[in-house]
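All remarks here apply to the structure that follows.
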Amino acid sequence: RDVTGVQTCALPICRIALDTRIAEVVPEFGPNAKDAITLEHVLLHTAGFPHAPMGIGDWDDRERRLARFAAWRCNWEPGTRFEYHATSAHWVLAEVIERLTGEDFRNHLRRRILDPLGLTRFELGVPPERQADINELVCVGTEATPDELEEALGIRELPITEVTHEALMAFNRPEVRAVGVPGGGGVSNAGDLARFYQVLLRGDE
């Protein structure tokens, strides 16, 4: 068992593959016909649960997150459509990391990626006492008109998702920054962010 007391997976991390079913690693994820969803589905946002709820109140409690996993239902058959899974997919991936390594996903990110790259100012999960130099998010500009959306995207209105102004502004709250929300909670200075993207573009490290 890992430090949180949740049973880790017997599958060695070197054995996980794109076609590994998430329920093999996180059994709590399997109910409601989600047992066929693979790691590839989740990584490509074709898993079928883009609207699965994972609200702010569940982010900092692992047991509540696992309960959410179990309750989720698919909106469509996995692998048949693409739609960005705004928070749900990233929390599933974080849990997969923890089950395979027995290590908190934020610590694993630091040890395996951020520290080796020398990214000392890139953090996922910043304690409140170290948040004084973080600039607050602000909403700017005006929303696109239906005509502008149609010209740019071919649609006249954006779908309703969990990515709302209210949800984005929640990342100004100290307790939310401290959680380290996977997929959207990273905090960095410009230099470390540029370095991170340079590595992604080169793919040589």
Side-chain angles (χ1 to χ4, degrees), residues 2-6 13 42-45 50-69 84-144 152 158-205:
D2 66 10
V3 293
T4 64
V6 176
I13 193 166
V42 179
L43 288 169
L44 295 181
H45 298 275
H51 306 149
M54 182 65 83
I56 293 174
D58 300 319
W59 289 353
D60 62 347
D61 188 298
R62 192 180 197 185
E63 291 304 318
R64 290 204 300 266
R65 296 198 304 265
L66 293 176
R68 286 290 191 185
F69 290 175
Y84 187 64
H85 295 47
T87 61
S88 55
H90 303 91
W91 279 115
V92 171
L93 294 173
E95 185 64 29
V96 167
I97 290 171
E98 295 194 349
R99 293 298 175 98
L100 291 173
T101 67
E103 183 178 18
D104 182 279
F105 71 93
R106 290 152 291 208
N107 295 338
H108 193 72
L109 174 70
R110 168 60 57 194
R111 183 173 62 82
R112 291 293 303 273
I113 298 175
L114 301 180
D115 282 348
L117 293 177
L119 304 181
T120 59
R121 299 303 305 278
F122 194 137
E123 295 187 71
L124 187 61
V126 183
E129 63 271 17
R130 291 199 288 104
Q131 295 181 15
D133 63 346
I134 299 177
N135 292 322
E136 289 207 347
L137 298 171
V138 295
C139 292
V140 299
T142 58
E143 294 187 8
L158 293 174
I160 298 174
T161 71
E162 60 185 313
V163 183
T164 63
H165 288 167
E166 181 181 4
L168 292 173
M169 291 305 101
F171 283 89
N172 287 327
R173 290 161 48 181
E175 67 274 19
V176 173
R177 291 171 175 166
V179 168
V181 178
V187 176
S188 177
N189 64 8
D192 272 14
L193 187 62
R195 169 66 173 164
F196 178 73
Y197 278 108
Q198 286 172 353
V199 173
L200 291 180
L201 288 170
R202 289 204 311 266
D204 59 356
E205 297 191 39

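Just so it is clear, the values below take in all heavy atoms, side chains as well, and ignore hydrogens, waters and symmetry mates.
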What do you reckon, is CD of E129 surrounded by more than 12 foreign heavy atoms closer than 6.0 Å? yes

Under-4.0 Å salt bridge between R106 and E123: no

Under the 3.5 angstrom rule, does the side chain of R177 hit a backbone N or O of P128 as a donor-acceptor pair? no

Minimal heavy-atom distance between Y84 and G183, with the atoms involved, is OH-O, 4.4 Å

Separation of F122 CZ from L109 CG (nearest 0.5 Å): 7.0 Å

Under the criterion side-chain contact (heavy atoms from CB on, under 4.5 Å), I'd like the reasoning laid out for E103 against R112: C-alpha separation, chi angles, the key distance, then a yes or no. CA-CA 11 Å; E103 183 178 18; R112 291 293 303 273; 5.8 Å; no

Value rounded to 0.5 Å, distance of CZ in F105 from CG in L100: 14.5 Å

So does L137 get a backbone contact from the side chain of N172, meaning a donor-acceptor N/O pair under 3.5 Å? yes

Give the intermediate values and the outcome of side-chain contact (heavy atoms from CB on, under 4.5 Å) for residues R68 and R64. CA-CA 6 Å; R68 286 290 191 185; R64 290 204 300 266; 5.7 Å; no

Residues R110, D115: salt bridge by 4.0 Å N-O rule: yes

Step by step, work out the side-chain contact (heavy atoms from CB on, under 4.5 Å) result for R195 and L119. CA-CA 8 Å; R195 169 66 173 164; L119 304 181; 3.4 Å; yes

Rounded to the nearest 0.5 Å, what separates atom CG in L114 from atom CG in D192? 8.5 Å

Under the side chain to side chain donor-acceptor pair (under 3.5 Å) test, which residues partner N189, sequence neighbours left out? none

Which atom pair, heavy atoms only, marks the closest approach of I56 to A170? CD1-CB, 3.4 Å

Which heavy-atom pair separates V176 from V181 by the least distance, and what is that distance? O-CG2, 4.4 Å

Would you check if the side chain of W91 reaches a backbone N or O of P182 as a donor-acceptor pair within less than 3.5 Å? no

Closer than 3.5 angstrom, by distance alone: can the side chain of Q131 be matched with the main-chain N or O of V126 as a donor-acceptor pair? yes

What I'd like to find out is whether the side chain of E98 reaches to under 4.5 Å of the side chain of H108, using heavy atoms alone. no

Distance-minimising heavy-atom pair for R65 and D58: CG-O, 3.0 Å

